[in-house]
Amino acid sequence: MRIRKAVFPVAGLGTRFLPATKASPKEMLPVVDKPLIQYAVQEAIGAGATELVFITGRTKNSIMDHFDKAYELETELANRQKQDLLKLVQDVLPPGITCIFIRQAEALGLGHAVLCAEPAVGDEDFSVLLADDLIDGRLLPCLAQMQRVYQEHGASVIAVQPVPKDEISSYGVVEAQNIAPGLGEIRRIVEKPKADEAPSNLAVVGRYILTPRIFKLLERTPRGKGGEIQLTDAISMLIQEQTVLAYQFEGKRYDCGSKLGYLQANVEYALKHPELADEFRKYLTQFTAELPQQQSRMRAVKP
Ligand code: G1P
C-alpha cells in the first residue's frame, strides 16, 4: 500500500506575492536556495511517490523547466569540474521519477485542480501537496507520517493542526472523533467558516491522502466558498461514504502563502542550512541585539 502518485496544484495566481508573482509562479519562490515546489516534491518522493502530477496554469513554465533536464547547464558545470553544483542540479529530480503536467485552463479552485488530475491518477489512492504549506516534519516528513497512518488504517488521511481562533476562517476546519492521540475520524469539515461558527480549532493544512472516489464527488461538487469548486466540499461528501482521518502531524508548518510565514521559513531554514547556519546565526544575534537601540533611534527622529 504505497502511494505512487502525488498531485501538486500549482495553478494559483499567487496574488499575495505580487508583483513578485506577476510573471513567475509563487511555487518557485525560494526558501533559502530551493524553490517551495522542490521541498514539496522531495517530501512526496521521500514518502515513496514515483509519479508527480502538476496541475499548472499560465506563467508556470518555469516549474516545468525546473524539473526538466538542463543539458546546457549540466554540460557547462561538468566542463568546469563543478561536481557539487552538478549534483545539486541533477538531484532536483532523481532517476525513476516521472513528471506529468496538466494544464488547468480556468482557475476554478483547489477542488477543480484536483479533478484535473483524474486522467493521470486513475483508480488508485493518491496524495495532494500544496507547496505553499512548507512543513518541517523534523524526525519524519509530514507525508511519510501520514503514509504510516494510511497503511495502518487503510483510509484517507488529511493533515490538520490547531490554529488560533482569529486565523481559523482562512482554513478548512474539521470536527473529528478521537480514535488515538492526534488522530480522529472526521465527522464534519467546513471550508473557511466564520470564527464563531468553526466546528473546532483544527485546521486543514495542505497535505491529503485520498481515494479516487473523490474524483466522482468533485464532478458533482457545486461552486462553494469564493465561487470556487472546493476540495473541502467534496471531502465533506466523502465522509458520508468512507472513513477520512484527521491527523495532527509532528513538526512545524510555515504558511509560505503569506509574507510573514515565508519570511519566518527563510530565517529558520537558513539557521539550519549547513553552509549558512553559523554566519547567519551570528548576524541574527547581533542584529537582534541592536534592534531595541535602532527602534528607539527611529522613534526619536519621528516628528
Ligand atoms: C486551501 C484549502 C483549505 C486549507 C488550506 C491549507 O485553501 O481550501 O481548506 O485549509 O488550503 O493551506 P487556500 O489556502 O488555498 O485558500
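One-based numbering along the sequence shown. Both counts, for ligands and for their atoms, begin at 1 and track the order of listing. What you see is a predicted model; the values in this text were computed from it and never measured. When reading the values below, keep in mind they use all heavy atoms of this one structure, side chains included, and skip hydrogens, waters and symmetry mates.
Using bins of under 30°, 30° to 60° and over 60° for the plane-to-plane angle, the ring pair Y269/Y39 lands in the perpendicular bin. Using bins of under 30°, 30° to 60° and over 60° for the plane-to-plane angle, the ring pair F17/Y262 lands in the perpendicular bin.
Ring centroid separation for the pair F215 and F126 comes in under the 6.0 Å cut-off.
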Criterion ring pair (Phe, Tyr, Trp, His ring centres under 6.0 Å) on F54 and F67, from CA distance to verdict:
CA-CA 11 Å; F54 298 86; F67 292 102; 5.3 Å; yes

Stepwise salt bridge (charged side-chain N to carboxylate O under 4.0 Å, His left out) test for K216 and E118:
CA-CA 9 Å; K216 294 291 158 278; E118 185 178 13; 2.8 Å; yes

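Residues passing the side chain to side chain donor-acceptor pair (under 3.5 Å) test with D255, sequence neighbours excluded: none.
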Check ligand 1 for close polar pairs with the protein: N or O on both sides, less than 3.5 Å.
{"from": "ligand 1", "atom 1": "7 (O)", "to": "K192", "atom 2": "NZ", "distance (Å)": "3.4"}
{"from": "ligand 1", "atom 1": "8 (O)", "to": "E191", "atom 2": "OE1", "distance (Å)": "3.4"}
{"from": "ligand 1", "atom 1": "8 (O)", "to": "E191", "atom 2": "OE2", "distance (Å)": "2.7"}
{"from": "ligand 1", "atom 1": "9 (O)", "to": "G172", "atom 2": "N", "distance (Å)": "3.0"}
{"from": "ligand 1", "atom 1": "9 (O)", "to": "E191", "atom 2": "OE1", "distance (Å)": "2.7"}
{"from": "ligand 1", "atom 1": "9 (O)", "to": "T232", "atom 2": "OG1", "distance (Å)": "3.3"}
{"from": "ligand 1", "atom 1": "10 (O)", "to": "G172", "atom 2": "N", "distance (Å)": "2.9"}
{"from": "ligand 1", "atom 1": "10 (O)", "to": "V204", "atom 2": "O", "distance (Å)": "2.7"}
{"from": "ligand 1", "atom 1": "12 (O)", "to": "D133", "atom 2": "OD2", "distance (Å)": "2.7"}
{"from": "ligand 1", "atom 1": "16 (O)", "to": "K192", "atom 2": "NZ", "distance (Å)": "2.6"}

